[in-house]
Amino acid sequence: MTMQVVPVDLGARSYEVRIGRGLIDAAGVAIAPLLRRPRVAIVTDATVAGLHLARLEAALAAAGIASAALVLPAGEGTKGWPAFTQTVEWLLERRVERRDVVVAFGGGVIGDLVGFAAAVLRRGVRFVQVPTTLLAQVDSSVGGKTGINTAQGKNLVGAFHQPSLVLADIDVLETLPARDFVAGYGEVVKYGLLGDAGFFDWLEAAGPTLARDPEARQQAVARSVAMKAGIVSRDETEEGERALLNLGHTFCHALEKATGYGDRLLHGEGVAVGCALAFELSMRLGLCAQEDPSRVRAHLRAMGMKTALSDIAGDLPGAEALLGLMGQDKKVVDGRLRFILARGIGEAFVAEDVPGDAVLRLLQDALAER
Ligand code: NAD
Ligand code: GLY
């Protein structure tokens, strides 16, 4: 199967997302044309380093590119001020210059953190994303949202900083634990749900095969990336249409905050629960057909995903407290709750003034199922 190339058209900041097999082993040849001198700094996490860093380093060396790597601890806890400071200082110690390139090699945690470090280092250096999780390949590595979490919440500090190239090697996903693969699928299915009913139809059949079928996996990644690239090209800084990519995320961010951003609920799992709740809310508000939320839940369940609050282990706060956590979400405009709702599968839209009592009742009912 040949590599697919999805362009992200942003004028002078345009770049390619390359999706295919064996791209890590060919990374040196792909990155070399971007370099003014033959050296790069790689930032990765310990799990990815143990599994794949030697191959990336060998591929760079084969193209005559020297590299040094900073290996950070794996996990969401790394996406904060301490690892950010460590990364920026390490890049400065390595004497990374304005014209150099930094390589973010890992999942969404590494991509977001390293992209933000690249955005501020010497007022901005270029970076290449080599995403190694399904979530990062279909979502976080594309579109230039970078940042870190703080004590006040997720992704509250960051910058728009587009990568210069994205290399999505679908073979690297073979080593991803099943739970992380399925969590990443939450973002794949999101694209079908928000804007492409045909893709959702295809996923209902092909979804269960993605983990073992590279051809189907490449199709799913390429189609997801194409949808994101189109949206980002039209609305880079989320003045309008890009907000659709947040389908399920208002619920997700509240649940992630309530569960401590950890193992109880991975981001992609929260997105799946959030998408199911967004469709349920849309149905209750009379916006979409009764069958739509059931169809969404049925597919997510067939994929082995969490779909309900009862699937989240441990205690959750009450409905009002959860609503309060949504109120702290940065997508709130002038104190009003803004949700991405849907008129059907593939027909999401931004609802500016969603009645709080409908959301509260939905959460009360969802909590009562626990
Ligand atoms: P992650 O980066 O923590 O990766 C998940 C786990 O998989 C980690 O333990 C990692 O070490 C491991 N891993 C990575 N690649 C592997 C591989 N090939 N084989 C085996 N293990 C591997 O998490 P994630 O799910 O990739 O990303 C979640 C983050 O992405 C969140 O912080 C979220 O906010 C962010 N995000 C950002 C955007 C954006 O637009 N910037 C979009 C969606 C999500
Ligand atoms: N993941 C949401 C966005 O990139 O806008």
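Ligands are counted one by one from 1 in listed order, and the atoms in each one are counted from 1 as well. The structure displayed is predicted, hence computed values, not measured ones. Atom set for the values below is all heavy atoms of this structure, side chains included, hydrogens, waters and symmetry mates excluded.
- In the hydrophobic cluster analysis, where Ile, Leu, Val, Met, Phe, Trp and Tyr join through side-chain heavy atoms closer than 4.5 angstrom, V350 is grouped apart from L277.
- Between the T175 side chain and the V172 main chain, a donor and an acceptor come within less than 3.5 Å of each other.
- With D235 contributing its side chain and G240 its backbone, the two residues share a donor-acceptor pair below 3.5 Å.
- Ligand 1 does not have E174 within reach: every non-hydrogen atom of the residue lies 4.0 Å or more from it.
- Between R242 and ligand 1, a contact under 3.5 Å exists for no N or O pair.
- Taking 4.0 Å as the cut-off between side-chain N and carboxylate O, R55 and D25 count as a salt-bridged pair.
- Backbone and side-chain nitrogen or oxygen atoms of T146 are examined, and none is located within less than 3.5 angstrom of a nitrogen or oxygen of ligand 1.
- The two residues A26 and A59 make their nearest non-hydrogen contact at N-CB, 4.4 Å.
- Under a cutoff of 6.0 Å and an axis angle of 45°, R343 and F349 form a cation-pi pair.
- Here N149 has no heavy atoms under 4.0 Å from ligand 1, in either its backbone or its side chain.
- Close contacts between ligand 1 and P177 involve ligand atoms 20 (C), 21 (N) [criterion: under 4.0 Å to a heavy atom].
- Regarding atom 4 (O) of ligand 2, its nearest protein heavy-atom neighbour is K228 NZ, 2.6 Å.
- At a threshold of 4.0 Å, the pair D365-R284 counts as salt-bridged, since one of the basic side-chain nitrogens sits closer than that to a carboxylate oxygen.
- Residue K145 has at least one nitrogen or oxygen atom sitting less than 3.5 Å from a nitrogen or oxygen atom of ligand 2, judged on distance alone.
- Close N/O approach between H267 and ligand 1 is not found [any backbone or side-chain N/O within under 3.5 Å].
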- request: Applying ring pair (Phe, Tyr, Trp, His ring centres under 6.0 Å), run through Y185 and H299 and close with a yes or a no.
  value: CA-CA 11 Å; Y185 186 79; H299 176 54; 5.6 Å; yes

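- Contact analysis leaves G184 out of contact with ligand 1, as no non-hydrogen atom separation drops below 4.0 angstrom.
- Between D139 and K145, no side-chain nitrogen of the basic residue sits less than 4.0 Å from a carboxylate oxygen of the acidic one, so the salt-bridge criterion is not met.
- Residue G108 has at least one N or O atom closer than 3.5 Å to an N or O atom of ligand 1.
- Nearest non-hydrogen protein atom to atom 28 (C) of ligand 1 is L135 CD2, 3.8 Å.
- Using the six-membered ring where Trp is involved, F127 and H161 have ring planes that are parallel, under 30° apart on the 30 and 60° scheme.
- When atom types are taken as modelled, the side chain of K228 and the backbone of V142 share a donor-acceptor pair closer than 3.5 angstrom.
- Of all protein heavy atoms, the one closest to atom 17 (C) of ligand 1 is T175 OG1, 3.4 Å.
- Contact annotation: for K228 versus ligand 1, heavy atoms closer than 4.0 Å belong to the side chain alone.
- With respect to atom 15 (N) of ligand 1, the closest heavy atom belonging to the protein is T132 OG1, 2.7 Å.
- In summary, D263 and R179 engage in a salt bridge, as defined by a charged side-chain N under 4.0 Å from a carboxylate O.
- Judged by the shortest distance from any of its heavy atoms, L173 lies outside the 4.0 Å radius around the atoms of ligand 1.
- In terms of N/O distances under 3.5 Å, ligand 2 is not approached by H249.
- In this structure, atom 38 (C) of ligand 1 lies nearest to the protein heavy atom S140 CB, 3.2 Å.
- For atom 43 (C) of ligand 1, the nearest protein heavy atom (residue, atom name, distance) is D139 OD2, 3.4 Å.
- Remark: R242 does not engage E236 in a salt bridge, criterion side-chain N to carboxylate O under 4.0 Å.
- Regarding atom 9 (O) of ligand 1, its nearest protein heavy-atom neighbour is A74 CB, 3.8 Å.
- Within ligand 1, the atoms closer than 4.0 Å to a non-hydrogen atom of V48 are 13 (N), 14 (C), 15 (N), 16 (C), numbered from 1 in the order shown.
- Remark: aromatic rings of F116 and F84 are close, center separation under 6.0 Å.
- At the top of the distance list for atom 3 (O) of ligand 1, counting protein heavy atoms only, stands V109 CG2, 3.3 Å.
- By the criterion of a heavy-atom distance under 4.0 Å, both the backbone and the side chain of L176 are placed next to ligand 1.
- Atom 1 (N) of ligand 2 has as its closest protein heavy atom D139 OD1, 3.1 Å.
- If you look at D45 next to ligand 1, the close heavy atoms, those under 4.0 Å, all belong to the side chain.
- Each of the atoms 19 (N), 20 (C) of ligand 1 lies under 4.0 Å from some heavy atom of L51.
- At least one N or O atom of V172, backbone or side chain, sits closer than 3.5 Å to an N or O atom of ligand 1.
- Looking only at protein heavy atoms, the nearest one to atom 33 (C) of ligand 1 is K154 NZ, 3.5 Å.
- Looking at D180 against ligand 1, only its side chain comes within 4.0 Å, counting heavy atoms.
- For the pair R36 and E97, the salt-bridge criterion is not met [side-chain N within less than 4.0 Å of a carboxylate O].
- Residue contacts with ligand 1, taken as heavy atom pairs separated by less than 4.0 Å, involve K145 via backbone and side-chain atoms alike.
- A salt bridge links R223 to D196: one of the charged nitrogens lies within less than 4.0 Å of a carboxylate oxygen.
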